[in-house]
There are 2 protein chains.
Amino acid sequence: MTTAAGPSVDSEITWLLHRAAQRMHVVTSEHAEKHGLSLRDHIVLSALDKWPGLSQVELARAVGLDKTTLMSQLDRLEHQGLVVRRANATDRRARMPEITRAGDRLRARVAEASAAAEAEALSDFTAAEVALLRRMLFELIGDHLDPGSCL
Amino acid sequence: MTTAAGPSVDSEITWLLHRAAQRMHVVTSEHAEKHGLSLRDHIVLSALDKWPGLSQVELARAVGLDKTTLMSQLDRLEHQGLVVRRANATDRRARMPEITRAGDRLRARVAEASAAAEAEALSDFTAAEVALLRRMLFELIGDHLDPGSCL
DNA sequence: CTCAGATCATCCGAATCAAGACGAACGTTC
DNA sequence: GAACGTTCGTCTTGATTCGGATGATCTGAG
């Protein structure tokens, strides 16, 4: 398996994943931004919808963003009225981010649009193949996906 | 398949790809940086090895980087003696980047280390599953991968 | 030959990102 | 209650990224 030149670049799953993510990012962003949302905004809103009650650092770890990056994201989303930071009664340090009704409506619309875009990008594959892809990606991400394992 | 809340975040292939790429990035970077190379450095060196004779813009398109980003990467690599920019006899605008002998030695070492890291990260899957994953990622990236289709 | 348009590498400016520092608040131990 | 280490959110700072503009060069049409 070791040629004189070593493994060539197209054997690098890491890079293929990176390029594929990049490509899908372009495809879905195109749709998300019609609603005035970046893909990352949408990710954050979706995480807030799926895992309510997380603190900002917990949320950052859940979506895989730096805490300072997430803060500026939340600033923007709060400024747009899609998120509120509510005081926590039992811990006065924490300001729990929550998705607003308007934010959830927008999230649902963008989710449908980007799901459609994804489905089209994946239309060359069978349902079984897509299911396997999803399963493998989950496995690769491992225990870093669900914030429950971080608490 | 449309619940009242719409598709949840874990159905988004785009995000799964992003997280998986992020995770593999951490795993392989860990090994690449033992040799003083970032993952992106390694990608660029590998592309130079695989497709010699590309101009800087062609190389940027081949690896999926912005042209200015690639320029600063090449600056760093050239400063480390891993890359040289050689004048092109037939086109005085172009400065063809080439990998040096030292660069190729380092590239081969990092390629082996990161391939081993990838193999370990993928050890839970069968060879057929990995092959399918690779094929699907290639398909997703589409014609943006090989520079031959851009010339 | 000349000129217009395209292409290459580079530079510039705005935006973004992440690591570290900081104050405030928490919980535990004395 | 006081002291210590930890966690939370924020601020600051340095580095990085990307889009657009620039100058030099090539190419093709007239």
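Convention: sequence-line order gives letters A, B, ...; per-chain numbering from 1.
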Rounded to whole Å, NZ of B/Lys67 lies from C1' of C/dA6 at a distance of 15 Å
Mark yes or no for a side-chain to base donor-acceptor pair under 3.5 Å between A/Arg93 and D/dT7, with no hydrogen or angle criteria applied. yes
Rounded to whole Å, please give me the gap between CG in A/Leu59 and C1' in D/dC8. 14 Å
Whole-Å distance separating the CG atom of A/Asp66 from the P atom of D/dC8: 14 Å
Want to settle it: does A/Ser72 or B/Arg85 sit nearer the 5' end of DNA chain C, counting the closest nucleotide to each? B/Arg85
Would you indicate, yes or no, if D/dT10 has its OP1 or OP2 atom less than 4.0 angstrom from a side-chain nitrogen or oxygen of A/Arg95? yes
Sidechain N-carboxylate O distance under 4.0 Å for B/Arg107, B/Asp41: no
Among B/Ile99, B/Leu74, B/Leu37, which one satisfies side-chain contact (heavy atoms from CB on, under 4.5 Å) with B/Leu82? B/Leu37
To the side chain of B/Ala94, which of C/dA9, D/dG9, C/dC26 is closest? C/dA9
From CE of B/Met71 across to C1' of D/dT17 the rounded distance in Å is 12 Å
Note: B/Glu129-A/Arg135 ion pair, threshold 4.0 Å (strictly below): yes
Would you sort out whether B/Gln73 and B/Arg76 count as a side-chain contact (heavy atoms from CB on, under 4.5 Å), showing the intermediate values? CA-CA 5 Å; B/Gln73 290 283 333; B/Arg76 268 170 284 198; 3.7 Å; yes
Which is more 5' along DNA chain C, the nucleotide nearest A/Asp91 or the one nearest A/Arg76? Just name the residue. A/Arg76
Specify the separation, in whole Å, of atom CD of A/Glu58 and atom P of D/dT6. 18 Å
Value in whole Å for how far the P atom of C/dA9 lies from CG of B/Leu54: 10 Å
Could you give the CZ-to-P distance, from A/Arg40 to D/dC18, as a whole number of Å? 12 Å
Report yes if a side-chain nitrogen or oxygen of B/Gln56 is closer than 4.0 Å to either non-bridging phosphate oxygen (OP1 or OP2) of C/dT7; otherwise report no. no
C/dA24, OP1 or OP2 - any side-chain N/O from A/Arg92 closer than 4.0 Å? no
Check whether any side-chain N or O of B/Ser55 sits under 4.0 Å from OP1 or OP2 of C/dT7, and answer yes or no. no
Closest to the B/Gln73 side chain, choosing from C/dA19, D/dT17, D/dG19: D/dT17
Separation of A/Leu74 atom CG from D/dC11 atom P, in whole Å? 13 Å
Using a cut-off of less than 4.0 Å, is there contact between a side-chain N or O of A/Thr69 and OP1 or OP2 of C/dA18? yes
Salt bridge (charged side-chain N to carboxylate O under 4.0 Å, His left out) evaluation trace for A/Arg109 with A/Asp104: CA-CA 9 Å; A/Arg109 271 207 301 273; A/Asp104 193 58; over 6 Å; no
